[in-house]
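Before any comments, here is the structure.
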Amino acid sequence: MLTPSTRSLAALSLASACLVTACEAPPPGNTGGRIDPYRSTPADQFDRSVSAVTLLDFADVMSQQLAYELPAVLAERGHATKVVLEMGGIENTTATPTNDFRTIRRRIFLRLRDSAALRAQADVVEAVERMDAQYQRLAPQTPQVATTSARYDPNITYVLEGSFGELSRGGGAASTYSFDVTITHLPTRQIVFSKLYDSKQIR
């Protein structure tokens, strides 16, 4: 059993060790520049582009709504087989680089790929441009081999697209963003699903 004096010595030794360790550790709060990606910073607020946090929120909301609602929408279409979901284009009329929206579109697309309910109704396939480039790089270069990756029956093909707009005021001091995602039946051009997301940013 430890006597009071022994306990005091042990506590003193522990405190000394903590002091030594603290001297070797980085300052409190120093994360090496890494923070929660959903945490806003002055760089997000005052940059002329839309906040990265807004884009992440948009991707999360859209992917959740799509994964929840789209399976039922596709089931109602009455196809005899599973349909195909392709990644489509981006229409960007904001001051934000289009590459930012490509990143977000990709995030939504991969979240949909993770939805078991959606996969039961649709084959979520990689972008044509990406796979054509890989196919031409890897496939045998002979007349008997196709020069592009697979193409699917347009009657069962649906395309995920995004449109991103901005209403700017005060020389960019305030921007209202309007983002939308649509799922369109390729041959008929019928929009079978659409969702709108609005956000405002003050600089």
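Quick caveat, the model's predicted, so the values are computed rather than measured.
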ILVMFWY cluster, [X] and [Y] together (side-chain gap under 4.5 Å):
X	Y	result
Val124	Val73	yes
Tyr152	Val192	yes
Phe109	Val61	yes
Val128	Val125	no

Note to self: Does Thr157 form a side-chain hydrogen bond (donor to acceptor under 3.5 Å, both in side chains) with Arg151? I'd like the steps, not just the answer.
What the structure shows: CA-CA 10 Å; Thr157 299; Arg151 298 296 190 267; over 6 Å; no
Next item on the list: Indicate whether any N or O donor in one side chain lies under 3.5 Å from an N or O acceptor in the other, for Asp57 and Thr54.
Entry: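 No, no side-chain donor-acceptor pair sits under 3.5 Å.
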Looking at [X] and [Y], would you say the former's side chain and the latter's main chain have a donor-acceptor pair under 3.5 Å?
X	Y	value
Ser175	Glu166	no
Thr182	Thr184	no
Lys195	Ser63	no

Distance, nearest 0.5 Å, that separates [atom1] of [X] from [atom2] of [Y]:
X	Y	atom1	atom2	result
Leu55	Thr103	CG	OG1	9.0 Å
Asp123	Leu118	CG	CG	9.5 Å
Asp132	Arg137	CG	CZ	13.5 Å
Ser194	Gln65	OG	CD	10.5 Å
Gln201	Gln45	CD	CD	7.5 Å

Item checked: Residues Tyr38, Asp60; criterion side-chain hydrogen bond (donor to acceptor under 3.5 Å, both in side chains); working and verdict -> CA-CA 11 Å; Tyr38 291 90; Asp60 291 346; 2.5 Å; yes
What I'd like to find out is whether the side chain of [X] reaches to under 4.5 Å of the side chain of [Y], using heavy atoms alone.
X	Y	value
Leu70	Ile183	yes
Ile104	Phe179	no
Arg107	Leu56	yes

So which heavy atom on [X] is nearest to which on [Y], and how close?
X	Y	result
Tyr135	Thr148	CE2-O, 3.5 Å
Ser49	Arg203	O-NH2, 3.6 Å
Asn155	His79	O-CE1, 3.2 Å
Leu74	Val83	CD1-CG2, 3.8 Å
Ser149	Met131	OG-CB, 3.6 Å
Ile108	Met62	CD1-CB, 4.0 Å

Margin query: Can you tell me if Tyr68 has over 12 outside heavy atoms packed within less than 6.0 Å of its OH?
Written below: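 Open: at most 12 neighbouring heavy atoms sit under 6.0 Å from OH of Tyr68.
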Notebook entry, point to check: How would you list, by chain and number, every residue that makes a side-chain contact (heavy atoms from CB on, under 4.5 Å) with Ser163, sequence neighbours excluded?
Noted result: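 Glu91, Asp180.
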Next item on the list: State which residue, out of Phe164, Phe58, Tyr177, fulfils the ring pair (Phe, Tyr, Trp, His ring centres under 6.0 Å) condition with Phe101.
Entry: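 Looking at Phe164, Phe58, Tyr177, the match for Phe101 under the ring pair (Phe, Tyr, Trp, His ring centres under 6.0 Å) is Phe164.
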Note to self: Can you list, by chain and residue number, the hydrophobic cluster partners of Leu186 when the side-chain cut-off is 4.5 Å?
What the structure shows: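 Taking Ile, Leu, Val, Met, Phe, Trp and Tyr as members, Leu186 shares its hydrophobic cluster with Val159.
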Margin query: Is there a side-chain hydrogen bond (donor to acceptor under 3.5 Å, both in side chains) between Thr41 and Asp44? Walk through the geometry before answering.
Written below: CA-CA 5 Å; Thr41 68; Asp44 286 303; 3.1 Å; yes
Next item on the list: Could you check Ile202 against Lys200 for side chain to side chain contact (heavy atoms under 4.5 Å, CB included), going step by step and ending with a plain yes or no?
Entry: CA-CA 7 Å; Ile202 304 296; Lys200 189 160 188 173; 4.3 Å; yes
Next item on the list: Begin with the C-alpha distance, continue with both residues' side-chain angles, and end with the deciding distance and a verdict on side chain to side chain contact (heavy atoms under 4.5 Å, CB included) for Leu66 and Leu160.
Entry: CA-CA 10 Å; Leu66 280 162; Leu160 170 79; 4.3 Å; yes
Next item on the list: For the pair Arg105 and Glu86, evaluate salt bridge (charged side-chain N to carboxylate O under 4.0 Å, His left out) and give the outcome as yes or no after the intermediate values.
Entry: CA-CA 12 Å; Arg105 179 189 60 172; Glu86 296 259 13; over 6 Å; no
Next item on the list: Determine, step by step, whether Glu126 and Gln134 satisfy the side chain to side chain contact (heavy atoms under 4.5 Å, CB included) criterion, reporting the C-alpha distance in whole Å, the side-chain angles of both residues, the deciding distance to 0.1 Å, and the verdict.
Entry: CA-CA 11 Å; Glu126 186 57 272; Gln134 294 302 320; over 6 Å; no
Next item on the list: Take Met87 and Arg130 through the test side chain to side chain contact (heavy atoms under 4.5 Å, CB included) and record every step on the way to the result.
Entry: CA-CA 11 Å; Met87 186 182 292; Arg130 179 183 292 220; over 6 Å; no
Check: Can you name the residues that form a side chain to side chain donor-acceptor pair (under 3.5 Å) with Arg102, not counting sequence neighbours?
Finding: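 Applying side chain to side chain donor-acceptor pair (under 3.5 Å) to Arg102 gives Asn99.
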